[in-house]
Amino acid sequence: MKKISAISFAAIFIIALALLYRKNLYTENSYTESREAIGTVVSITLYDSPDNIMDEAMLQSICHKLFDEANRLENIFSSKISSSELSNLNNQIGSNVNISVSDELYDILSLSTKYCQLTNGAFDITLGNLINLWNIGTDNPTIPKDSQLAPLIELNRWQSLILNQSTNSISITTGDFNFDLGAIAKGYIGDKLKALAVKNGISSGILSLGGNIITIGSKNNDDHWTVGLTDPLYPDSLIGTLSIKDKSVVTSGNYERYFMEDGVRYHHILNPNTGYPAENGIISSTIIGDSSADCDALSTGCYVLGITNALELIESLDGYEAIFIDSLGNIHSTSGVDAYKFTTN
Ligand code: FAD
Ligand code: MG
């Protein structure tokens, strides 16, 4: 049984919220189902096409294909599954050999290195040992000793990953580390599920993978989707809403996976420079864009970078907007966010 931490969705579409309490829901033109998967709650809502050709059984069948695909990809990317392809790769780090990997693992590692570079190492997929040491999100989190942290704080280890595209293989030149794809895999899986839904004839739908919202087309083939942003200071409330069409909205926050000790909150987004949970001013980092994988990597990277550097990074990228919330509850957003009618409550 997988561990699910106290989940407060970072972004919630109203139907998905209802589904936390209800497994299946069929209305005359949409089908919704939610399940525990990939270490979180996954909710999928699929609408019938405008020409009304899909009944409940067809929508349900497509929905189940999506859940199967999520499970298949989890078995590749999860560092928590000892038989996963990623765990197998982790076991070979240090052997200095060429390792053949699946298309998907190659693809996500390749995309990840792009974001390691773009965020100057704030987003870092080589933090597996550090993440396991803290154990945040489990029943046994611990504050590591400095002597335990010191050997794990080695910056830019991702640079030792060499990708050989012609052979779909990778090699790792040096290192004693483990990959952890927790900050990008949910987004990557979300993009794959969206593509599969579209391939099966879906033109309208919304997927919620924990804090990752992926919208397909427009709501009911007509309206924009309303996506709520959780207030990080009051996680049972929304701080505002966005109006979205065919985009992804991904949030990283300090209020989902954390533990308290002596009045201090230790959350799960780690600063590779210090080995400690990132405390650079941001407590909630939301990115809006076409690709959920890109948004996922950027939301984590920006959280670590802090407001000034994060705003500068997102402003420099075409097609991405951001909303950051600081520890006082102040909102800092990029210049193009008005396109999504961001409205505070
Ligand atoms: P994000 O900000 O997107 O990512 C934070 C996570 O990324 C951290 O939890 C850590 O894993 C990692 N990380 C921390 N700091 C950094 C950094 N600076 N750079 C890069 N990465 C960083 N959870 C379970 O409890 N049990 C499971 O069995 C389990 N299986 C999973 C399998 C898969 C395939 C996936 C995708 C997720 C799984 N999860 C599991 C959930 C996983 O832990 C979540 O991805 C995690 O909670 C991060 O999601 P987030 O959106 O909250 O935060
Ligand atoms: Mg992320």
Side-chain angles (χ1 to χ4, degrees), residues 1-11 36-42 69-82 84-87 104-105 108 111-113 115-116 119-141 152-153 155 157-158 178-190 192-193 208-213 230 232 248-258 266-278 280 282-287 292-305:
M1 182 68 189
K2 284 183 195 340
K3 263 210 127 6
I4 308 291
S5 71
I7 291 168
S8 47
F9 282 117
E36 292 177 4
I38 58 172
T40 185
V41 176
V42 175
E69 178 68 353
N71 291 336
R72 185 184 74 81
L73 292 168
E74 178 177 21
N75 280 305
I76 297 176
F77 300 143
S78 178
S79 59
K80 312 258 191 285
I81 299 174
S82 60
S84 73
E85 192 181 357
L86 185 74
S87 295
E104 287 99 344
L105 188 55
I108 200 170
L111 189 65
S112 295
T113 52
Y115 284 103
C116 291
T119 62
N120 208 11
F123 166 81
D124 185 344
I125 54 167
T126 69
L127 301 183
N129 291 333
L130 189 64
I131 290 161
N132 292 339
L133 186 61
W134 280 93
N135 235 352
I136 297 171
T138 74
D139 292 336
N140 300 304
L152 301 181
I153 303 170
L155 297 177
R157 276 172 307 203
W158 51 272
N178 271 318
F179 290 113
D180 182 291
L181 299 174
I184 188 170
K186 271 196 300 178
Y188 186 90
I189 292 171
K192 290 285 182 192
L193 299 191
S208 166
L209 286 70
N212 294 31
I213 301 291
T230 297
S248 185
V249 181
V250 177
T251 299
S252 294
N254 73 346
Y255 50 88
E256 293 178 338
R257 287 185 180 230
Y258 68 90
Y266 296 92
H267 63 83
H268 68 134
I269 302 169
L270 303 176
N271 184 342
N273 281 296
T274 62
Y276 267 76
N280 278 337
I282 294 179
I283 61 169
S284 168
S285 164
T286 296
I287 309 290
S292 195
D294 293 346
C295 292
D296 201 353
L298 285 169
S299 71
T300 308
C302 284
Y303 191 108
V304 176
L305 283 172

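Position 1 is the first residue of the sequence, and the numbers go up from there. Atoms within a ligand are numbered from 1 in the order they appear, just like the ligands themselves. As the structure is a computational prediction, the values presented were derived from the model and not from experiment.
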Chemist: OH of Y303 to OG1 of T251: how many Å apart, nearest 0.5 Å?
Modeler: 12.0 Å
Chemist: Can you find a non-hydrogen atom of D124 under 4.0 Å from ligand 1?
Modeler: yes
Chemist: Within the 4.0 Å heavy-atom shell around S78, which atoms of ligand 1 are there?
Modeler: 30 (N), 32 (C)
Chemist: Anything protein N, O or S sitting under 2.8 Å from the Mg ion (ligand 2): count it and give me the total.
Modeler: 4
Chemist: Between T230 and P232 (side chain of the first, backbone of the second, donor and acceptor by atom type, cut-off under 3.5 Å), is there such a pair?
Modeler: no
Chemist: Just to check, does A122 reach to within less than 4.0 Å of ligand 1 when the distance is taken from its heavy atoms?
Modeler: yes
Chemist: Is the shortest N/O to N/O distance between I125 and ligand 1 below 3.5 Å?
Modeler: no
Chemist: Please identify which atoms of ligand 1 are closer than 4.0 Å to at least one heavy atom of F123.
Modeler: 19 (N), 20 (C)
Chemist: Could you check I108, D180, L105, N178 and say which one makes a side-chain contact (heavy atoms from CB on, under 4.5 Å) with L86?
Modeler: L105
Chemist: Calculate, to the nearest 0.5 Å, the distance between atoms OG and CD1 belonging to S87 and I76 respectively.
Modeler: 12.0 Å
Chemist: Salt bridge between E104 and R72, side-chain N to carboxylate O under 4.0 Å?
Modeler: yes
Chemist: Report the part of K186 in contact with ligand 1, treating N, CA, C, O as backbone and CB onward as side chain, heavy atoms under 4.0 Å; options are side chain, backbone, both, neither.
Modeler: both
Chemist: Rounded to the nearest 0.5 Å, what separation is found between the CG atom of L127 and the CD1 atom of I269?
Modeler: 12.0 Å
Chemist: Which of the atoms in ligand 1, numbered in the order shown and given with their element, are less than 4.0 Å from a heavy-atom of A185?
Modeler: 36 (C)
Chemist: Judged on heavy-atom distance to atom 21 (N) of ligand 1, which of S252, A183, A278 sits nearest?
Modeler: A183
Chemist: T300 heavy atoms, cut-off 4.0 Å: which ligand 1 atoms fall inside?
Modeler: 1 (P), 2 (O), 3 (O), 4 (O)
Chemist: Quick one: do I153 and T274 satisfy side-chain contact (heavy atoms from CB on, under 4.5 Å)? Show the steps, please.
Modeler: CA-CA 7 Å; I153 303 170; T274 62; 5.7 Å; no
Chemist: Quick check: E256 and ligand 1, any N/O pair under 3.5 Å apart?
Modeler: yes
Chemist: Would you say I189 has any N or O atom under 3.5 Å from an N or O of ligand 1, going by distance alone?
Modeler: no
Chemist: Are there over 12 heavy-atom neighbours, none belonging to N120, within less than 6.0 Å of that residue's CG?
Modeler: no
Chemist: Is there a side-chain contact (heavy atoms from CB on, under 4.5 Å) between F123 and S112? Walk through the geometry before answering.
Modeler: CA-CA 8 Å; F123 166 81; S112 295; 4.1 Å; yes
Chemist: Using heavy-atom distances, let me know which of V250, T138, I131 sits nearest atom 10 (C) of ligand 1.
Modeler: I131
Chemist: Record the part of I184 in heavy-atom contact with ligand 1 below 4.0 Å; permitted values are side chain, backbone, both and neither.
Modeler: neither
Chemist: Looking only at the side chains, is there a donor atom on one of T138 and N140 sitting less than 3.5 Å from an acceptor on the other?
Modeler: no
Chemist: Are any side-chain N or O atoms of N75 and backbone N or O atoms of N71, one a donor and one an acceptor, separated by less than 3.5 Å?
Modeler: yes
Chemist: Under 4.5 Å between any side-chain heavy atoms of S299 and D296, yes or no?
Modeler: yes
Chemist: Provide the number and element of each atom of ligand 1 under 4.0 Å from a heavy atom of D296.
Modeler: 3 (O)
Chemist: Measuring only between side-chain heavy atoms, which start at C-beta, is L181 closer than 4.5 Å to F77?
Modeler: yes
Chemist: Among R257, H268, K80, which residue places a heavy atom closest to atom 14 (C) of ligand 1?
Modeler: H268
